[in-house]
Amino acid sequence: MLATGVELLAALAPPTAHVLDLGAGTGALPAAVLSGLPGARVTLLDVDTEMLDEARRRLAPFAGRVGFREASFLDPLPAADAVIASLALHHVHDLDVKTDIYRSVHEALALGGVFLNLDAAITEGARLNALTLDRWAARMAEHGMTDAEARCRFAAWAAEDRYFPLDEELAALRRAGFAEVECFWRRGSSAICCALRGQDL
């Protein structure tokens with residue numbers, strides 16, 4: 001998923017883009033972006049000081065091309081050519097609040113800018129969603145987790161996180177003002193939603 005996100009960013013953002021990462025955590029996605037786009041600069045935004053400290057250590061080789069901002073993605077966002085998020089925005093439980101975040105992203109983006117949201121995805125239908133979870137559990141089994149352990153993990157995540165159906169995510173991006181919106185990539189329980197700001201004011 002990270003590699004595909006970097007490929008999309010390289011295709012849609014300027015070579016010297018300033019990229020803002022929302023809820024950047026320990027910097028896995030910024031590291032991939034900085035490696036894959038040698039002219040880009042990345043600002044990591046996160047409320048967790050310890051996470052940002054870990055990201056500083058991880059991204060030390062990219063000093064001069066990376067900045068750190070201790071803030072929430074609910075705060076006003078700095079201007080950027082591209083905005084990215086990886087496994088962060090599922091912490092927002094209310095779709096109206098999430099739509100407001102998407103509006104803030106849209107406002108922060110330069111004309112023609114790109115927003116990529118890399119996150120877990122569900123379907124609205126019970127049978128198809130169950131199939132997605134079955135496949136997810138099977139992938140976890142490849143790493144030594146039993147089916148029962150995987151199901152317990154899913155229940156814990158459901159109590160903490162909120163995954164909206166892809167149709168609702170795409171509709172929220174459209175309501176936020178994005179000119180072009182698409183789920184550009186999906187593999188089982190993971191998806192990349194791509195949204196472009198229009199070229200005109």
Side-chain angles (χ1 to χ4, degrees), residues 1-10 12-13 15-93 97-98 101-102 104-105 108-109 113-121 136 139-145 149-150 152-163 169 185 187-194:
M1 182 166 69
L2 294 185
T4 302
V6 172
E7 290 173 8
L8 284 171
L9 200 59
L12 295 167
T16 57
H18 172 220
V19 182
L20 175 66
D21 187 354
L22 304 182
T26 61
L29 181 54
V33 169
L34 290 163
S35 295
L37 284 73
R41 296 175 295 114
V42 180
T43 297
L44 285 74
L45 185 149
D46 204 292
V47 295
D48 192 318
T49 304
E50 291 183 4
M51 289 278 198
L52 286 178
D53 287 342
E54 180 61 32
R56 283 186 180 92
R57 287 188 286 272
R58 170 182 256 164
L59 301 176
F62 302 101
R65 296 174 53 209
V66 61
F68 302 89
R69 184 175 180 136
E70 187 177 338
S72 167
F73 40 63
L74 297 172
D75 297 331
L77 302 176
D81 299 302
V83 178
I84 57 177
S86 176
L87 301 175
L89 296 180
H90 60 239
H91 296 306
V92 181
H93 285 230
V97 173
K98 198 169 194 179
I101 293 170
Y102 291 159
S104 293
V105 170
L109 281 170
V114 56
F115 171 50
L116 298 178
N117 186 21
L118 293 68
D119 214 329
W136 199 352
R139 290 285 302 277
M140 294 165 82
E142 295 171 6
H143 298 278
M145 188 175 292
E149 290 170 335
C152 286
R153 187 72 60 89
F154 296 156
W157 288 339
E160 179 182 347
D161 304 326
R162 177 71 187 274
Y163 303 105
E169 288 282 356
W185 176 93
R187 293 293 183 276
S189 57
S190 300
I192 300 177
C193 289
C194 176

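In what follows, every heavy atom counts, from backbone to side chain, and hydrogens, waters and symmetry copies are set aside.
- The closest side-chain heavy-atom distance from Val42 to Phe62 is not below 4.5 Å.
- Contact record, Gly25 with Ala55: O-CB, 3.6 Å, taken as the closest heavy-atom pair.
- Taken from CZ in Arg41 to OG1 in Thr16, the straight-line distance is 8.0 Å, to the nearest 0.5 Å.
- Contact check for Val114 versus Cys194: side-chain heavy atoms found under the 4.5 Å cut-off.
- To the nearest 0.5 Å, atom CH2 of residue Trp185 and atom CD of residue Glu7 are 10.5 Å apart.
- Counting only heavy atoms from C-beta outward, the side chains of Leu74 and Ile101 approach each other to under 4.5 Å.
- Pro78 and Leu45 get closest at one heavy-atom pair: CD-CD1, 4.5 Å.
- Side-chain contact between Leu59 and Leu44: present, with at least one pair of heavy atoms (C-beta onward) separated by less than 4.5 Å.
- Taking all atoms of both residues into account, the shortest heavy-atom contact from Leu87 to Ala120 is CD2-N, 3.9 Å.
- Asn117 contributes no side-chain N or O that, together with a main-chain N or O of Cys193, makes up a donor-acceptor pair within less than 3.5 Å.
- The neighbour count for Met51 CE, taken as heavy atoms of other residues, nucleotides or ligands under 6.0 Å away, does not exceed 12.
- Of all non-hydrogen atoms in Leu52 and Asp46, the two that sit nearest each other are CD1-O, 3.6 Å.
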TODO: Quick one: do Phe73 and Val105 satisfy side-chain contact (heavy atoms from CB on, under 4.5 Å)? Show the steps, please.
DONE: CA-CA 9 Å; Phe73 40 63; Val105 170; over 6 Å; no

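- Side chain of His91 to backbone of Glu160: no donor-acceptor contact under 3.5 angstrom is found.
- When the shell of 6.0 Å around CD of Glu142 is examined, it contains more than 12 heavy atoms from other residues, nucleotides or ligands.
- Across every non-hydrogen atom of Ala80 and Leu20, the tightest pair is CB-CB, 3.9 Å.
- Note that CZ of Arg58 and OG1 of Thr26 are 4.0 Å apart. Values are rounded to the nearest 0.5 Å.
- When every heavy atom of Ala13 is checked against every heavy atom of Ala82, the shortest pair comes out as CB-CB, 4.3 Å.
- Note that CG of Asp21 is 7.5 Å distant from OG of Ser86, once rounded to the nearest 0.5 Å.
- Separating the CZ atom in Arg153 from the CE atom in Met145 is a distance of 3.5 Å, to the nearest 0.5 Å.
- A 4.5 Å side-chain heavy-atom check between Leu22 and Leu77 finds at least one atom pair inside the cut-off.
- Judged by distance alone, with hydrogens and angles left aside, the side-chain atoms of Asp81 form no donor-acceptor pair with the main-chain N or O of Gly113 at under 3.5 Å.
- To the nearest 0.5 Å, atoms OG (Ser190) and CG (Leu2) are separated by 9.5 Å.
- Proximity of a side-chain donor or acceptor of His90 to a complementary backbone N or O of Asp119 within less than 3.5 Å is not detected.
- Side-chain contact check for Glu169 versus Lys98: some heavy-atom pair is nearer than 4.5 Å.
- Side-chain contact between Leu89 and Tyr102: present, with at least one pair of heavy atoms (C-beta onward) separated by less than 4.5 Å.
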